[in-house]
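Working notes, beginning with the structure itself.
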Amino acid sequence: MDDLLLNQFLLLGAVLFCIGVYGVIARKNTVLVLMSIELILNSVNINLIAFGAMWGDIAASVFALFVIAVAAAEVGVGLAIVLLIYRNRRTVDLDDLAQLRG
Amino acid sequence: MLENAWIIPLIPAASFFLILFFGKRLPRKGSEIGIAAVAIAFVLALVVNVQWFQRVDDAEHGAHATETHDEGGADEHGLGVAGLADGEQAAALPSTDQLAAAAPAPAAEDEGHSAFEVEPVHRSWTWWSSGGTEFTAGMLLDGPGVLMLFVVTLISLLVHVYSTDYVHGDRRYTHYFAFLSLFTASMLGFVISESTLQMLTMWELVGLCSFALIGHWWEEKPNSDAALKAFLTNRVGDMGLIIGVIILFFAADQSFDILTINQMAIGGDIDHLLLLVASCSLLAAVMSKSGQFILHTWLPDAMAGPTPVSALIHAATMVVAGIFMIGRLYGVFFQGLSIGTSNVNLLAVIGGVTVVGGAGLAFVQTDIKKVLAYSTVSQLGYMAMALGVGAWTAAFFHLFTHAMFKAGLFLGSGSVAHSVHSFDMVKDMGGMRRFMPKTYATFLICTGALIGIFPLAGFWSKDEILAGASQLGGDGGYKAFLVVGIIGAFMTAAYMTRCIYLTFFGEPRGAAADPHHPPHESGPRILVPLYILAGLAVVTGFTNLPNTGVLEFVPDSLALRFEHFYEPKGSYFPSVLETFHHPTFSIGIALVSTLIGLLGIGLAYAWYWKGLGPQGITQRSRLAKAGHTLLVEKYYFDHLYTNIIAGGVKGPIARAANWTNQHVIDAVVNLAGRATVGVGRWVYDRIDQGVIDKVVLGSGAAAEGSGQGLRQIQTGRVQQYAALLFIGAAVLAAVFIIVI
């Protein structure tokens with residue numbers, strides 16, 4: 001894979017990452033925040049696969065697979081928490097969830 | 001046994017600890033241990049005596065065997081034959097040997113030289129060593145040591161038995177027996193001392209036991225006062241003992257060994273002046289321990305202790321420690337005081353003054369024990385006087401007989417007092433011979449022995465002292481002390497007759513006349529010791545029968561046995577000197593002293609029984625009254641000591657001590673206090689408040705401030721956290737990019 005093609009994958013990853021970060025910081029809906037986290041993770045995956053392809057290293061693909069598995073688990077737990085929060089408080093707005101304020 | 005006699009003191013010493021630890025739990029409260037221990041010690045002492053007699057006889061026979069062998073064997077020159085002949089002679093001719101030995105012996109002894117030497121049994125162990133000097137303890141056993149082993153264990157055994165009745169039911173019964181044991185042990189250790197240092201140690205132990213036993217009933221103030229007085233008076237003399245021991249240590253080339261010291265003193269290896277100073281220092285110790293004027297004042301007060309203790313300690317054994325010490329170091333005294341050549345010396349003067357002074361005080365006492373106490377003082381004076389005039393054997397002979405009859409007298413007085421619960425002859429006694437005939441009989445015999453009635457013990461021993469005073473010494477001899485001794489004998493007879501009259505004759509008075517509790521004879525545990533002592537008071541005098549003059553008929557094998565067995569024979573005893581002599585029996589002196597004694601009895605009899613003489617003169621004549629007061633006030637010695645010396649010294653010392661206290665010690669204390677307060681203030685202000693508290697408060701404030709600052713970012717908003725996270729990551733990334 002030549003450098004030009006790599007750059008494009010990296011740019012895609014960066015764009016996805018920035019969208020994800022924006023989503024995490026700016027969105028009020030918890031579900032959307034979770035989705036944004038997925039975006040960040042997947043941008044990382046793209047970077048991993050791209051560099052893996054560049055170096056011809058299978059380990060990168062393995063890492064990516066692990067990240068996907070962990071992301072799946074994370075989103076499962078995260079959605080369960082969101083569901084419970086919604087049941088208790090009838091809202092999933094992150095601005096209302098500031099009980100840990102010091 | 002002779003080699004191992006050192007275990008004799010260890011038996012009562014062990015008994016002391018056993019009684020202390022286990023006595024109270026035993027059925028007889030510990031007395032059985034004490035009696036058993038002393039009985040064993042007594043039996044061993046008897047064995048030691050018998051073996052010692054054999055040793056003396058062997059030495060004598062050996063000396064004569066070599067003499068005869070030298071005469072006969074000089075021509076033979078055949079070694080094998082000579083050896084055979086020697087053996088034959090020794091085996092076949094013991095009887096002729098004895099005859100030959102006996103004949104020249106008195107002649108040789110008259111010259112003042114023993115015909116043979118008896119090696120003392122000497123064992124020593126290193127106690128500790130310092131700077132190359134070895135300090136030893138051990139055993140030196142010769143005539144006087146063996147004698148004292150016998151006397152101490154015998155009297156102690158009798159006193160133990162007597163005490164089981166006399167102090168029966170006492171609140172400190174166990175303690176009493178423990179200290180009797182310790183006393184016996186230390187006295188036995190004293191008499192076998194081989195070094196002056198061991199002597200000093202045991203001397204102090206004896207003093208300690210005396211203190212404990214005098215103050216046995218310390219709940220009453222006079223008793224504890226008497227104990228203190230005895231202890232402190234003895235301290236005065238002990239200083240003399242320590243100084244004397246130190247002087248002798250350096251004079252005898254750094255040796256504490258008694259044999260060495262004596263040998264050097266006799267051999268003329270020590271400067272005469274040194275010996276004189278050492279003798280005088282040691283005399284101070286003798287004056288305190290043996291109740292010689294002017295340190296005798298504690299002895300009568302010591303009668304505050306239980307009567308058996310008075311008998312054991314203050315009559316028969318402990319008080320003769322001083323006499324024994326002179327006898328033990330006789331080489332030093334003999335040379336230091338020039339006893340053999342002078343007409344007067346310090347020791348004899350002290351003894352002479354004590355004889356008369358003590359006897360005088362005995363006249364005005366109402367307490368029966370005090371009469372006996374002053375009598376003891378007076379008799380100890382006789383012993384000191386005998387040593388002072390050079391009559392060593394007479395002194396120890398008198399010590400021996402006196403131990404028997406004085407212990408008998410004390411125990412007898414205790415028996416009477418036990419019955420009427422009082423010691424006051426004038427108030428609570430009188431006519432006791434009807435109630436206590438057995439005690440009366442023994443008391444009478446012992447009194448006879450003390451006065452010196454023929455043929456009781458005191459007659460022989462006192463007479464030997466008087467003979468010594470008249471025959472020994474340099475030009476003219478010690479004639480003055482002969483007079484003193486005879487006056488003493490007269491006074492002894494008179495005051496003892498008075499004592500007997502007040503106690504046993506006349507009408508019962510006070511407690512003795514109480515119709516509800518008539519006096520009764522004492523039990524067997526009191527009477528048996530009295531019988532034994534009275535018996536000994538009769539027979540002990542015959543142990544040193546003279547066989548010269550009118551007594552020539554006495555066979556040689558019986559004569560002068562005491563001198564033969566108990567007088568040391570060797571280079572460590574002054575008998576090797578030209579100036580040392582033995583007195584011989586003089587019928588004239590014996591008659592005079594007996595007549596004087598009878599005169600004393602007669603006068604006292606006339607005065608008390610018949611009411612003759614100037615009765616009541618102390619009320620009428622000013623002079624007689626003054627004399628009486630002088631005696632009652634004990635020559636004002638107690639006033640001198642307590643009021644003038646102690647009182648005179650006490651005030652200035654107290655004032656000086658007060659001044660020192662107020663101005664020196666208090667100033668130091670105050671200064672220290674103020675300094676401490678100042679330092680404390682400064683520390684509080686500067687260090688505590690300024691540093692430590694600041695640090696503590698500052699750390700608190702810092703924690704609070706940082707907490708307050710940090711809580712601002714703890715908003716609880718997850719998205720802010722996330723933003724910070726990303727910003728941090730971005731910053732880190734930027735740093736990495738810039739740096740790398």
Side-chain angles (χ1 to χ4, degrees), chain A residues 7 10-11 13-48 50-51 67 70-71 74-75 77-86 88-89 91-102, chain B residues 671-740:
Chain A
N7 270 348
L10 292 183
L11 272 173
V15 168
L16 273 178
F17 186 83
C18 290
I19 294 169
V21 167
Y22 170 77
V24 166
I25 292 172
R27 302 305 297 202
K28 301 297 174 199
N29 192 318
T30 314
V31 179
L32 274 172
V33 169
L34 280 175
M35 286 170 67
S36 302
I37 292 171
E38 288 303 306
L39 277 181
I40 294 171
L41 289 171
N42 280 318
S43 76
V44 172
N45 277 348
I46 287 170
N47 277 18
L48 278 171
F51 282 115
V67 171
V70 169
E74 175 255 315
V75 88
V77 174
L79 282 173
I81 293 171
V82 170
L83 205 60
L84 282 170
I85 290 172
Y86 181 74
N88 284 320
R89 309 197 42 135
T91 175
V92 288
D93 192 337
L94 275 176
D95 285 346
D96 295 335
L97 303 175
Q99 273 80 23
L100 283 176
R101 186 171 179 276
Chain B
L671 192 69
R674 277 195 209 105
T676 311
V677 168
V679 169
R681 286 240 168 77
W682 186 84
V683 167
Y684 178 75
D685 287 343
R686 301 292 158 93
I687 300 198
D688 195 53
Q689 297 283 310
V691 180
I692 298 175
D693 278 14
K694 287 265 168 66
V695 168
V696 172
L697 294 176
S699 65
E704 196 189 347
S706 59
Q708 285 292 349
L710 285 173
R711 79 186 274 260
Q712 300 302 320
I713 56 170
Q714 294 286 328
T715 57
R717 291 174 186 273
V718 187
Q719 284 171 321
Q720 271 185 17
Y721 299 165
L724 286 171
L725 198 89
F726 286 121
I727 290 165
V731 169
L732 270 182
V735 168
F736 272 125
I737 288 166
I738 293 164
V739 172
I740 304 167

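Residue numbers begin at 1 in each chain, while the letters A, B, ... track the order of the sequences. Small disclaimer: the values here were computed from a predicted structure and weren't measured.
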What part of [X] gets within 4.5 angstrom of chain B, counting heavy atoms only: side chain, backbone, both, or neither?
X	answer
A/L97	backbone
A/F17	side chain
A/I37	neither

**OP:** Might you point out which heavy atoms bring A/V24 and B/A722 nearest each other, and give the distance in Å?
**Re:**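 In terms of heavy atoms, the two residues are closest at CG1-CB, 3.8 Å.
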Original post:
Is the number of heavy atoms from other residues, nucleotides or ligands within 6.0 Å of NZ (B/K694) greater than 12?
Top reply: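 Result for NZ/B/K694: open.
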**OP:** Rounded to the nearest 0.5 Å, what's the gap from CZ on A/R27 to CD on B/Q719? Could you check?
**Re:**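 If I round to the nearest 0.5 Å, the distance is 10.0 Å.
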